[in-house]
Amino acid sequence: MAVPFISEVKRTHTCGQLTAANVGEEVVLFGWVHNRRDLGGAVFIDLRDRDGLTQVVFEPNHAEAHETAGHLRLEYCIGIKGKVVSRGRNANPNLKTGEIEIKATDLTIFNRSEPTPFLVEDKVSTSEEKRLAYRYLDLRRGPLQHTLMTRSKMNALTRSYMVGNGFMELETPFMGKYTPGGARNFLVPSRINPGKFYALAESPQLYKQLFMVAGFDRYFQIVKCFRDEDLRVDRQPEFTQIDVEMSFVTQDDIFTMIEGLLKKLWGEVLGIDIPTPFMRMDFYESMAKYGNDKPDLRFGLEHVVLTDLIREHGEAGGVPMMWEAVQQKGIVKAMVVPAEKPLSRAESDKLEDFVKQAGAKGLARAKVNEAGEWTQSPLKTISPALRQAINAACNAKAGDLILFQFGRESLVHTVMANLRVHVAKKLGLIPEYGSGGQWKFLWVVNPPLFEYDEETNTWAAAHHAFTRPHDEDVQYLLTDPGRVKCHRYDVVLNGFEIGGGSIRLHDPKVQAEVFKALGIQDEEARAKFGFLLDALKYGAPPHGGLALGMDRLAMLLTGAESLRDVIPFPKSKTGTDLMTGAPGDVDEKQLREIHVRSVTPPQK
RNA sequence: GGGGAGUUAGUUCAGUUGGUUAGAACGCCGGCCUGUCACGCCGGAGGCCACGGGUUCAAGUCCCGUACUCCUCGCCA
């Protein structure tokens, strides 16, 4: 007689729970057939749910269940009832539940499964394309289940920490007004207002400042943000931030609060106590030593800026290409691959391909010998004086390999930053993926308020137009904008920018000067940010905040190789959802309704 | 938008100098098997070689284009 599973026979345990302590108990488990070993007499099934695996054995003395078990296939969804027995000598030490098995008396098949497009195993055995197309099967895999459980836990921990510190979780609109500058927005046409568009929020930035004006004092939100930019391994068009804003605080107050949150996350998720306060590094120091504002401090290989040295030696230095680069406002940087961790000649040659891929013209290098002379180097005409000076600046000794880049400042930084990480992986200083057990947190602080845009010959806001400049630099806003530093900060971990924010500009007078420096006219400012400028006039409190990239945090906490592995339903490199086919075509009628006409003929 | 890599059974891959019937493993179907845990053994089905052109007596293989996926630079205040 069939047992009425689910309606009357309820699940008693999950597949990761049972141990030797449960021997003798009658249990009911539900799950999926992870593996089967049919020996004719005994049929073994590994039953899987999100909690783990349990071995179930069907024997001929329970004829009905045994007969059905013979027809089980991978990924069938089933329920079983039976008795927990010890496996004694046959225990499987690789399994959490390996000491026991269930001798099944009853079995029901809730649903059969067609052969799956790929096997559901912990180890990835198929292309990412297939995984994304059948994401619901991919998500059955152990590592992804674990990752999403960790994310869930991170959400819960964040909420309890923030609420415990007096923060309110408040919501902001996704559909807002388009504001120029920054990331490209996704646009949503308005049906009711012909020809008008909403923009999907690239962050709740302006709204959270209005919360401060409104007097909510401490705000946070775990919120989706949307940016229509090209994707990367750590970038998706929709992603999640832990968004935070506080009133009446200094930069240090915010750092302390965020360090506390990260300490809690690392403590509760990984059981690791990360030391606080985090190290702080000046923006310019980071650019000089590491080539970007998100340095990976798990290893050395610091850059050495040689620009001044080349300038001092001038033409007499005997390195005409570097000398020319310096004269054209370029920079010269070097990096030392130490003799203790040598690269083979072939590996060094490959570095050249690597930097070219990153946009460099080439890679000058020099192997230092006992006499301090250089071999393997294209810089054959260098003067002995400059050579010695460079050796000294780089602290280079016999056997070291010096790598050089010179030219346009931003390109040299980018290439050298990439090269530094690339060489570190080649030398085994850090693993290809994951933390390697090292967690190097730091704050990168005091960046410039403006960046010079060489294309338009204008100053642009490096962060956003409402970042507060250092008080002592306000006097230079109009006379020497490049000199103005600001209260902006990024929190960096192992080479990833995991968050960033600023103290906001709440003084309308200084605000007006910033707009002036940016060449933004009053009317223009009103049209773009009028509501915020108005708000600042009505007793806006001093305030500041920060946003943490939840997806990147999850990626780092789980050791995932890609952001796609910590997002349940991510987009592919070209922004398409390989499962649903989004973005897709829509009817002509739908377009008419929203007053939009496509200039691209329908595909196919 | 630029550069690079890839696409062959359901899946992962092999496929020689261009040569006649495109292989293996896992999965799937059938049979045997009572202590397996990558169970084992026997048999079987399964291919528009991504798509479109071209070269050739002959193309999975060589050439050109397209699509898709991934990596990378630009871009991401």
Side-chain angles (χ1 to χ4, degrees), chain A residues 34-46 53-61 66 70-71 73-75 85 87-95 97-98 101 103 113-121 123-134 137 179-185 202-203 205 225-237 239 353-360 410-411 414-415 417-418 422 447-451 453 455 459-467 486 488 490 497 500-502 518 549 561-562 564 571-574 576 578 581 603-604:
Chain A
H34 187 67
N35 196 6
R36 72 188 171 98
R37 295 172 294 278
D38 184 348
L39 276 62
V43 177
F44 295 94
I45 296 291
D46 292 334
L53 289 177
T54 300
Q55 174 162 290
V56 181
V57 58
F58 301 89
E59 292 181 321
N61 55 339
H66 181 257
H71 296 104
R73 290 297 179 269
L74 298 184
E75 299 309 316
V85 298
R87 289 176 63 173
R89 255 185 318 195
N90 288 321
N92 182 348
N94 300 322
L95 231 50
T97 60
E101 66 187 0
K103 273 199 193 301
S113 170
E114 288 184 17
T116 48
F118 51 85
L119 299 181
V120 178
E121 306 169 301
K123 201 168 136 284
V124 176
S125 63
T126 190
S127 67
E128 189 152 19
E129 199 175 342
K130 285 269 177 349
R131 291 173 54 201
L132 292 177
Y134 299 91
L137 294 178
T179 50
R184 194 177 290 118
N185 292 94
E202 60 190 58
S203 80
Q205 181 61 45
C225 301
F226 306 89
R227 294 182 188 175
D228 187 7
E229 297 292 345
D230 282 11
L231 285 72
R232 283 285 186 280
V233 74
D234 62 350
R235 240 160 55 192
Q236 282 273 311
F239 60 98
D353 296 334
F354 177 82
V355 298
K356 280 182 177 168
Q357 194 182 261
S410 59
L411 183 67
T414 300
V415 170
N418 288 338
H422 180 77
L449 182 60
F450 303 111
E451 274 170 359
D453 186 336
E455 279 179 26
W459 291 96
H463 190 47
H464 67 85
F466 296 92
T467 301
C486 65
R488 182 192 137 207
D490 286 339
E497 181 198 318
S502 65
L518 289 170
E561 294 179 13
S562 157
R564 294 187 292 269
K571 306 282 190 287
S572 81
K573 190 68 195 307
T574 49
T576 56
L578 296 175
Q603 298 292 309
K604 186 174 65 166

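What you see below is based on every heavy atom in this structure, not just the backbone, and it leaves out hydrogens, waters and symmetry mates. Naming: A, B, ... by sequence-line order, numbering from 1 per chain.
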Discussion item. Aromatic contact between A:Phe354 and A:His422, with the criterion being ring centroids under 6.0 Å apart: yes or no?
Written reply: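 A:Phe354 vs A:His422: aromatic centres under 6.0 Å.
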Sort out the partner of [N] for me: Watson-Crick or G-U wobble, both distances under 3.5 Å, none otherwise.
{"N": "B:C51", "result": "B:G65"}
{"N": "B:A59", "result": "none"}
{"N": "B:C41", "result": "B:G31"}
{"N": "B:C70", "result": "B:G4"}
{"N": "B:A22", "result": "none"}
{"N": "B:C75", "result": "none"}

Considering residues at least two apart in sequence or located in another chain, which fulfil the salt bridge (Lys or Arg N to Asp or Glu O under 4.0 Å) criterion with [X]?
{"X": "A:Arg564", "result": "A:Glu128"}
{"X": "A:Lys130", "result": "none"}
{"X": "A:Arg232", "result": "none"}
{"X": "A:Glu451", "result": "none"}

[atom1] atom, [N] versus [M]: distance in rounded Å?
{"N": "B:C51", "M": "B:A45", "atom1": "P", "value": "24 Å"}
{"N": "B:U11", "M": "B:C57", "atom1": "P", "value": "36 Å"}
{"N": "B:U66", "M": "B:A24", "atom1": "C1'", "value": "32 Å"}
{"N": "B:C49", "M": "B:G15", "atom1": "C1'", "value": "11 Å"}
{"N": "B:G54", "M": "B:U17", "atom1": "P", "value": "27 Å"}
{"N": "B:G23", "M": "B:C28", "atom1": "P", "value": "23 Å"}
{"N": "B:A25", "M": "B:G65", "atom1": "P", "value": "39 Å"}
{"N": "B:G27", "M": "B:C64", "atom1": "P", "value": "41 Å"}

Rounded to the Å, how far apart are [X] [atom1] and [N] [atom2]?
{"X": "A:Arg36", "N": "B:G40", "atom1": "CZ", "atom2": "C1'", "answer": "13 Å"}
{"X": "A:Asn185", "N": "B:C76", "atom1": "CG", "atom2": "P", "answer": "13 Å"}
{"X": "A:Leu74", "N": "B:C39", "atom1": "CG", "atom2": "C1'", "answer": "14 Å"}
{"X": "A:Leu411", "N": "B:G2", "atom1": "CG", "atom2": "C1'", "answer": "14 Å"}
{"X": "A:Asp228", "N": "B:G74", "atom1": "CG", "atom2": "C1'", "answer": "15 Å"}
{"X": "A:Lys356", "N": "B:G2", "atom1": "NZ", "atom2": "C1'", "answer": "16 Å"}

Fill in: OH/A:Tyr134: more than 12 non-hydrogen atoms of other groups inside 6.0 Å
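Result for OH/A:Tyr134: open.
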Could you tell me which non-hydrogen atom of [X] sits nearest to which non-hydrogen atom of [Y], and how far apart they are?
{"X": "A:His34", "Y": "A:Leu74", "answer": "O-CD2, 3.6 Å"}
{"X": "A:Val124", "Y": "A:Thr126", "answer": "CG1-O, 3.4 Å"}
{"X": "A:Ser502", "Y": "A:His464", "answer": "OG-NE2, 3.8 Å"}

Not counting sequence neighbours, which residues clear side chain to side chain donor-acceptor pair (under 3.5 Å) with [X]? List them please.
{"X": "A:Asp46", "value": "A:Arg37"}
{"X": "A:Ser127", "value": "none"}
{"X": "A:Glu202", "value": "A:Asn185"}
{"X": "A:Ser572", "value": "A:Thr574, A:Thr576"}

Worksheet item: So which one's nearest nucleotide on RNA chain B is more toward 5', A:Phe118 or A:Asp230?
Response: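 It is A:Phe118, whose closest nucleotide lies nearer the 5' terminus.
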State, yes or no, whether a side-chain contact exists between [X] and [Y] at a heavy-atom distance under 4.5 Å.
{"X": "A:Asp228", "Y": "A:Pro237", "answer": "no"}
{"X": "A:Glu101", "Y": "A:Val56", "answer": "no"}
{"X": "A:Glu75", "Y": "A:Pro115", "answer": "no"}

Worksheet item: Along nucleotides 31-37 of chain B, 5' to 3', which nucleotides get a B, which get an S, and which get a -, given that the test is a protein heavy-atom distance under 4.0 Å?
Response: --BBBBB
Worksheet item: Is A:Asn418 touching bases, backbone alone, or none of the nucleic acid, heavy atoms closer than 4.0 Å?
Response: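 Result for A:Asn418 = sugar-phosphate.
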Discussion item. Once you apply a heavy-atom cut-off of 4.0 Å, does A:Thr414 come out as touching a base, just sugar-phosphate, or nothing?
Written reply: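 Sugar-phosphate, no base atom in range.
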Item to complete: Compare side-chain N and O positions of A:Ser125 against OP1 and OP2 of B:U12 and report whether any pair is under 4.0 Å apart.
Response: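 Answer is no, no contact under 4.0 Å.
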Could I get a table of every N or O pair under 3.5 Å where one atom is in the protein and the other is in nucleotides 67-71 of chain B?
| residue | atom | partner | partner atom | Å |
| --- | --- | --- | --- | --- |
| B:C68 | O2' | A:Glu129 | OE2 | 3.0 |
| B:U69 | OP1 | A:Ser572 | OG | 2.7 |
| B:U69 | OP1 | A:Thr574 | OG1 | 3.0 |
| B:U69 | OP1 | A:Thr576 | OG1 | 2.9 |
| B:U69 | OP2 | A:Thr574 | OG1 | 2.8 |
| B:U69 | O4' | A:Glu129 | OE1 | 3.3 |
| B:C70 | OP1 | A:Lys573 | N | 2.8 |
| B:C70 | OP2 | A:Lys573 | N | 2.7 |
| B:C70 | O3' | A:Arg564 | NH2 | 3.2 |
| B:C71 | OP1 | A:Arg564 | NH2 | 2.9 |

Look for any protein N or O under 3.5 Å of an N or O in nucleotides 23-26 of chain B and output each such pair with its distance, or none.
none

Item to complete: Report yes if a donor N or O on one partner sits less than 3.5 Å from an acceptor N or O on the other, where the partners are the side chain of A:Arg235 and the base of B:C76; otherwise report no.
Response: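 For A:Arg235, whose side chain was compared with the base of B:C76, there is a donor-acceptor pair (under 3.5 Å).
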For nucleotides 41-51 of chain B, print each protein N/O atom paired with a nucleotide N/O atom at under 3.5 Å, atom names and distance only.
none

